[in-house]
Amino acid sequence: MSPAHHQVPALLLAAGRGERMRPLTDVTPKPLLQVQGQPLLQWHLAALQEAGVEQVVINTAWLGAQISDHFSSVFGLQRLMDKREKLSISYSHEGVDFGCALETAGGIARALPQLGPVFWLAAGDVFAPDFVFDSAAVSAFEASHHLAHLWLVPNPAHNPRGDFGLSADGLALNLPADDPAPRYTYSTIALLRAELFAAPWCDIPPGNPGGIKAPLAPLLRRAMDNGRVSAQLYTGRWTDVGTPERLAELNSLSSDAP
């Protein structure tokens, strides 16, 4: 792959219980629920393959064996086989190793030995069929001093206050609660450096051998306060598929499945 098309591995988060999706998730992990004709997680996998990403790690916990049984160790859409290598899949089975999910930062820290110094991150329960895992974004991020680059979206109805601010020069802002500046919602898609999961930003030991549970937001806010997180606004289709109602709404739309 030429430097102009340099890519990095990706981590897809698929360990959650999906409580708000019950009873659908009592027997099927949320990333395998069908969205417009294919498992939700497959939309990300297809986009990663299209972008030339060669390696993806999927973390699992709730009903995790269903996910690894379904996707196995290789993903490849037939229509891309003539121009792209197949996507290699490995797993971080938190449920098998610790009996539960480790939350976002805990899960990322656990999967780091399978990733690299820079990697894509996306949540397996988000539908973003227009998003491009752009190699140019990778190159720009690697050339920066930032620890994370976030894609933010306009606030959906279920998160009206948003999560983070966005400065005119492209920095994500950890705004005080009473700050009137606009906030946007974190899409759960990002580029991250492994460095974010080490001191002074994170105190989880490398590889998280003890299965420490920890959320990602405090790490991001700490890095934002030091000017180390960039961001941009993404306005393509995006849905946090968090409830049966949102899933049904997506499936009522025409399919753009690849």
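Side chains are part of it too, since the values below use all heavy atoms of this structure and drop only hydrogens, waters and symmetry mates.
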Under 6.0 Å from the CD atom of Gln232, do we count more than 12 heavy atoms belonging to anything else shown?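 Yes - once you tally the heavy atoms of other residues, nucleotides and ligands closer than 6.0 Å, there are more than 12.
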Does CG in Asp203 sit with more than 12 non-hydrogen atoms of other residues, nucleotides or ligands closer than 6.0 Å?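 It does not: Asp203 CG has 12 such atoms or fewer within range.
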Does [X] share a hydrophobic cluster with [Y], counting links as ILVMFWY side-chain heavy atoms below 4.5 Å and allowing steps through other members?
{"X": "Leu48", "Y": "Val132", "value": "no"}
{"X": "Leu216", "Y": "Val57", "value": "yes"}
{"X": "Leu219", "Y": "Leu152", "value": "yes"}
{"X": "Phe133", "Y": "Val118", "value": "yes"}
{"X": "Leu115", "Y": "Ile189", "value": "no"}

Nearest heavy-atom pair of [X] and [Y]: which atoms, and what distance?
{"X": "Ile204", "Y": "Ala214", "result": "CD1-CB, 3.9 Å"}
{"X": "Gln36", "Y": "Phe127", "result": "OE1-CZ, 4.0 Å"}
{"X": "Ala101", "Y": "Lys213", "result": "O-CE, 3.4 Å"}
{"X": "Ser90", "Y": "Gln114", "result": "OG-OE1, 2.9 Å"}
{"X": "Leu11", "Y": "Ala111", "result": "CD1-CB, 4.0 Å"}
{"X": "Leu166", "Y": "Ala231", "result": "CD1-O, 3.6 Å"}

How long is the straight-line distance from [atom2] of [Y] back to [atom1] of [X], given to the nearest 0.5 Å?
{"X": "Arg221", "Y": "Trp201", "atom1": "CZ", "atom2": "CH2", "value": "15.0 Å"}
{"X": "Lys30", "Y": "Leu32", "atom1": "NZ", "atom2": "CG", "value": "12.5 Å"}
{"X": "Ser230", "Y": "Met224", "atom1": "OG", "atom2": "CE", "value": "9.5 Å"}
{"X": "Thr28", "Y": "Ile67", "atom1": "OG1", "atom2": "CD1", "value": "10.5 Å"}
{"X": "Asn155", "Y": "Arg161", "atom1": "CG", "atom2": "CZ", "value": "10.0 Å"}
{"X": "Leu173", "Y": "Asp225", "atom1": "CG", "atom2": "CG", "value": "9.5 Å"}

Given the rule in the side-chain contact (heavy atoms from CB on, under 4.5 Å) test, do Val8 and Glu142 qualify, once you have shown the distances and angles that lead to the verdict? CA-CA 10 Å; Val8 292; Glu142 289 184 325; 3.8 Å; yes
Hey, mind stepping through Arg110 and Asn59 against side-chain contact (heavy atoms from CB on, under 4.5 Å) and telling me if it holds? CA-CA 9 Å; Arg110 177 65 178 173; Asn59 76 330; over 6 Å; no
Please examine the side chains of [Y] and [X], heavy atoms only from C-beta on, and report whether any two atoms are closer than 4.5 Å.
{"X": "Leu13", "Y": "Thr188", "value": "no"}
{"X": "Leu33", "Y": "Asp125", "value": "no"}
{"X": "Trp120", "Y": "Leu191", "value": "yes"}
{"X": "Ile212", "Y": "Leu102", "value": "no"}
{"X": "His146", "Y": "Leu171", "value": "yes"}

When you look at Arg228 and Arg193, which way does the side-chain contact (heavy atoms from CB on, under 4.5 Å) test go after all the steps? CA-CA 11 Å; Arg228 300 290 301 277; Arg193 290 189 195 274; 5.7 Å; no
Under the ring pair (Phe, Tyr, Trp, His ring centres under 6.0 Å) test against Phe131, which residue among Trp43, Trp151, Trp238 passes?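 Filter result, single survivor: Trp151.
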Let me see the working for Phe197 and Asn208 under side-chain contact (heavy atoms from CB on, under 4.5 Å), right down to the final yes or no. CA-CA 10 Å; Phe197 301 90; Asn208 197 2; over 6 Å; no
Give a yes or no answer on whether the side chain of Gln7 reaches the backbone of Glu54 with a donor-acceptor pair at less than 3.5 Å.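 Looks like no, no N/O pair under 3.5 Å.
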Is a side-chain donor or acceptor of Ser68 paired with a backbone partner of Ala65 at a separation under 3.5 angstrom?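 A pair under 3.5 Å: yes.
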Scan side-chain atoms only and decide if Thr60 and His93 contain a donor-acceptor pair under the 3.5 Å cut-off.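 Their side chains do contain a donor-acceptor pair, which is all the 3.5 Å distance test asks for.
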